[in-house]
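Only one structure is covered here, and it is reproduced in the block below.
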Protein chains: 2
Amino acid sequence: MSAHSHTHSDLTKNQSLVMDALSSSEGPLSAYTILDQLRDNGMRAPLQVYRALDKLVEYGLVHRLESLNAFVACRHPNCDSNKTIIFMICEACDKVNEITDAALAKNINKIAASEKFALNKSTVELRGLCPACQTD
Amino acid sequence: MSAHSHTHSDLTKNQSLVMDALSSSEGPLSAYTILDQLRDNGMRAPLQVYRALDKLVEYGLVHRLESLNAFVACRHPNCDSNKTIIFMICEACDKVNEITDAALAKNINKIAASEKFALNKSTVELRGLCPACQTD
DNA sequence: CGCAATCTTGTAATGAGATAACATCACCTA
DNA sequence: TAGGTGATGTTATCTCATTACAAGATTGCG
């Protein structure tokens, strides 16, 4: 099943609220930031947000950034959550660029295979400065 | 300066305690687990552990695993903390294998360059099953 | 229909990870 | 010996995440 087979209409109310919050954000948001933004929409407890996030991540609509303890809406055109995704996180403006790279994915699979490691999930997060923030 | 230019004798008391705890552990430890293990040695507050960990990471003796919020002693023979390190984390036994791969490092640098991203630090963490745990 | 099974939701409380702020101590050096 | 620097100790607080339990909603089937 493709990750994006879930359309917006499939989502529950809370899932839609969280999805919208992430989609309209410039950068990653923490669960508690999302909660604060959605207080007026009936969100009251962290767990409501975390439950929605869990599902959205499962559907491949949202990614979790391990190094930030935060979440971003998937912006990759043909995102397949099974692929290795590379996140480039700007340490100045906090924006995140999300890309895939066939060579790198292949490389990671090769490394795992050579170590006889049964790969389940890859996390690749790069920290640095995005083009816009290097001009300072 | 090479990451491992800091020998054990350079370390302060707290740093040594934390280093020993990590070195003698089979897998990664959280800061609070380390704290609990060292209560009898005078460690009383999280900050004492975090301060030691900060220095040990800075010296390249310890790595932080972003996806686990935990820390491991560096076991790579000629570890240079500037290199891209690949962590393979077993989801069954929690042991961590730490390797470097020149091709992958090159690949990541190439990707960053092609996106005009000024790379500062790379996090590559693979989740799955180690060889020993696949026999189940 | 009516009831049970199951899934989603709401709420409160708590666990786990990390840091801020401030006081103190040890050591080096001019 | 006075003063600077870095390491320590302590308390409180902040952020991130989950457990436990109650209450609705929905589906399936007699």
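So that the names make sense, note that chain A is the first sequence line, chain B the second, and so on, each numbered from 1. Fair warning: this is a prediction, and the values are worked out from it, not measured in the lab.
- No side-chain heavy atom of A:Q48 sits less than 4.5 Å from a side-chain heavy atom of A:L38.
- Side chains of B:E125 and B:S67: a donor on one and an acceptor on the other come within 3.5 Å.
- Note that the two end axes of the helix from C:dC1-D:dG30 to C:dA30-D:dT1 enclose an angle of 10°, each drawn from 5 base pairs, rounded to 10 degrees.
- With rounding to whole Å, A:L29 atom CG is found 11 Å from D:dC16 atom P.
- Straight-line distance from the CD atom of A:Q15 to the P atom of C:dC7: 15 Å, rounded to whole Å.
- Rounded to whole Å, atom P of C:dT8 lies 5 Å from atom NZ of A:K55.
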### Query
What does nucleotides 11-21 of chain C look like as a protein-contact string, B for base, S for sugar-phosphate only, - for none, at under 4.0 angstrom between heavy atoms?
B-----BBBBB
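- Look at CG on B:D10: it is 12 Å from P on D:dA7, rounded to the nearest Å.
- Using a 4.5 Å heavy-atom cutoff, the side chains of B:M19 and B:L61 are in contact.
- The line from CG of B:L56 to CG of B:L11 is 6.0 Å long, rounded to the nearest 0.5 Å.
- Hydrophobic clustering of Ile, Leu, Val, Met, Phe, Trp and Tyr side chains at less than 4.5 Å, counting indirect connections, unites B:Y59 with B:I34.
- Going from atom NZ of A:K106 over to atom OG1 of A:T84 covers 13.5 Å, rounded to the nearest 0.5 Å.
- The line from CD1 of A:I99 to CG of A:L126 is 8.0 Å long, rounded to the nearest 0.5 Å.
- When rounded to the nearest whole Å, the span between CG of A:N14 and C1' of C:dC7 equals 14 Å.
- Side chain of A:E98 to main chain of A:V72: no donor-acceptor pair is present (N/O by atom type, distance under 3.5 Å, no hydrogens or angles).
- D:dC16 atom C1' lies 14 Å from atom CD of B:E66, rounded to whole Å.
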